[in-house]
Amino acid sequence: MKKIGVIGTGNMGTILIEAWLEAKILNPADLIITNRTLSKALVLKEKHPGIKVAESAAEIVEQADFIFLCVKPLQINSLLQGIKQHIKRDQLVISITSPVSVSQLESAVNAPCARFIPSITNRVGSGVSLLSFSESCSKEKVSALFDLASAISAPVIIENDITRVASDIVSCGPAFFSYLAQAFIDAACQTTKIDKETATTLTENMLVGLGELLGKGVYTLPTLQEKVCVKGGITGEGIKVLEAETGEMFHHLFQATHEKFAEDLHEVEKQFGHPY
Ligand SMILES: NC(=O)C1=CN([C@@H]2O[C@H](COP(=O)(O)OP(=O)(O)OC[C@H]3O[C@@H](n4cnc5c(N)ncnc54)[C@H](O)[C@@H]3O)[C@@H](O)[C@H]2O)C=CC1
Ligand SMILES: O=C(O)[C@@H]1CCC=N1
């Protein structure tokens, strides 16, 4: 197995590491990790003793074949400036964030680059990951990154032009639908006699069942809706309310994420001096 380096063991770095270990695609000894606040990386080593903790990003670059940059968009450029002189062409640099393109990464380092946008759902080996590769990635590198992605997700290759919306769906989606589920629970408690704990248990289990029906291919979203909506029945009355009141809510949501994305792109382009 290749040596996998992870720079940044915050939320997402940790999720990826633990997902790969649970999927048994990696052993702890395959990993070398670091974080600006080293204690965050040491917590992972305590849980998985074979993991090597490096004291600097430069040490990761010295020892890893794949270098995952699991930091925020505006932290990538300064991180790369500090390590680019040590990166060699037989390595692969992978960023996990959407506002930085592979072409921008490649403009900063003299090595093949890829982007791997994960989702919190990958923690349980589920959901999608969004992959992009620079042209200089060899078939062998593409296939090795695909294997890592496939072990914890269903990888999909995407172009820059749908990056934001694809990431909204696969990466932000879990937060959006959790928000809606909580609003559903709160309304149930406010309008009926159910208590929050019961409503939460019922809702969470309903969502798990819904996911399994879709995951096992028993229904699609439209066929499932049709099956539950008995003609002249109660679900149909609820659906009428949704049809009347959802309105342009999701249009506004996608507009808002794309506006914030445009701001991030602007800042990232200034840092890299290279277009997205
Ligand atoms: N949270 C999510 O569901 C998803 C997040 N992402 C992307 O993942 C990236 C990271 O997000 P989070 O893990 O939530 O952020 P986070 O803030 O929890 O983690 C970033 C970590 O990087 C460390 N760090 C920053 N600069 C560093 C440097 N120069 N050297 C070493 N360590 C450094 C920080 O100390 C921090 O622990 C973001 O760019 C985000 O867009 C992508 C898909 C989903
Ligand atoms: O880079 C992104 O688009 C992801 C989605 C959730 C957080 N960051």
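Ligands are counted one by one from 1 in listed order, and the atoms in each one are counted from 1 as well.
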For [X], atoms of ligand 1 separated by under 4.0 Å from a heavy atom:
X: Leu79; answer: 29 (N)
X: Ile7; answer: 30 (N), 31 (C)
X: Pro73; answer: 39 (O)

- Query: What's the spacing between Leu16 CG and Asn122 CG if we round to 0.5 Å?
  - Reply: 7.0 Å

- Task: Measure the CG-CZ distance between Asn11 and Arg123 for me, rounded to the nearest 0.5 Å.
- Result: 12.5 Å

Do any nitrogen or oxygen atoms of [X] lie less than 3.5 angstrom from nitrogen or oxygen atoms of ligand 1?
X: Ser171; result: no
X: Thr37; result: no
X: Val71; result: yes
X: Thr97; result: yes

- Query: So, do Ile96 and Leu69 sit near enough that their side-chain heavy atoms are less than 4.5 Å apart?
  - Reply: no

Protein contact to [atom] [nearest heavy atom, distance to 0.1 Å]:
atom: atom 19 (O) of ligand 1; value: Gly10 CA, 3.3 Å
atom: atom 43 (C) of ligand 1; value: Pro118 O, 3.2 Å
atom: atom 18 (O) of ligand 1; value: Asn11 N, 3.0 Å

Which option, [options], owns the non-hydrogen atom nearest [atom]?
atom: atom 32 (N) of ligand 1; options: Met12, Gln75, Arg115, Arg36; result: Arg36
atom: atom 36 (C) of ligand 1; options: Asn35, Val6, Val100; result: Asn35
atom: atom 17 (O) of ligand 1; options: Arg123, Lys40, Gln81, Lys72; result: Lys72

- Item | Parallel, tilted or perpendicular: rings of Phe250 and Phe177 (30°, 60°) | parallel

- Using the side chain to side chain contact (heavy atoms under 4.5 Å, CB included) rule, pick out the option among Ile7, Val93, Thr97, Val268 that qualifies with Ile76. Thr97

Indicate yes or no: does [X] engage [Y] in a salt bridge with an N to O separation below 4.0 Å.
X: Glu237; Y: Lys240; value: yes
X: Glu62; Y: Lys3; value: no
X: Glu267; Y: Lys270; value: yes

- Query: Quick one: does Thr34 get a heavy atom under 4.0 Å from ligand 1?
  - Reply: no

- Does at least one non-hydrogen atom of Ala57 fall below 4.0 angstrom from an atom of ligand 1? no

- Quick one: which of Ser119, Ser153, Ser150 gives a side-chain hydrogen bond (donor to acceptor under 3.5 Å, both in side chains) with Ser129? Ser153

Under 3.5 Å, side chain of [X] to main-chain N/O of [Y], donor-acceptor pair present?
X: Glu59; Y: Glu55; value: yes
X: Glu269; Y: His266; value: no
X: His258; Y: Phe254; value: yes

Does ligand 2 have any N/O pairs with the protein under 3.5 Å, and how far apart?
residue  : atom  : partner : partner atom : Å
ligand 2 : 1 (O) : Ser98   : N            : 3.0
ligand 2 : 1 (O) : Ser98   : OG           : 3.0
ligand 2 : 3 (O) : Ser98   : OG           : 2.7
ligand 2 : 3 (O) : Arg164  : NH1          : 3.0
ligand 2 : 3 (O) : Arg164  : NH2          : 3.1
ligand 2 : 3 (O) : Ser167  : OG           : 2.6

- Item | Proximity of Ile96 to ligand 1 by residue part, where a heavy atom lies under 4.0 Å | both

- Item | Cys70 and ligand 1 - part of the residue with a heavy-atom distance under 4.0 Å | backbone

- Minimal non-hydrogen separation, Ala58 against His86, with atom names: CB-CD2, 4.2 Å

- For Glu259 and Arg164, run salt bridge (charged side-chain N to carboxylate O under 4.0 Å, His left out): C-alpha distance rounded to whole Å, both residues' side-chain angles, the deciding distance at 0.1 Å, then the answer. CA-CA 10 Å; Glu259 275 164 26; Arg164 182 64 264 137; over 6 Å; no

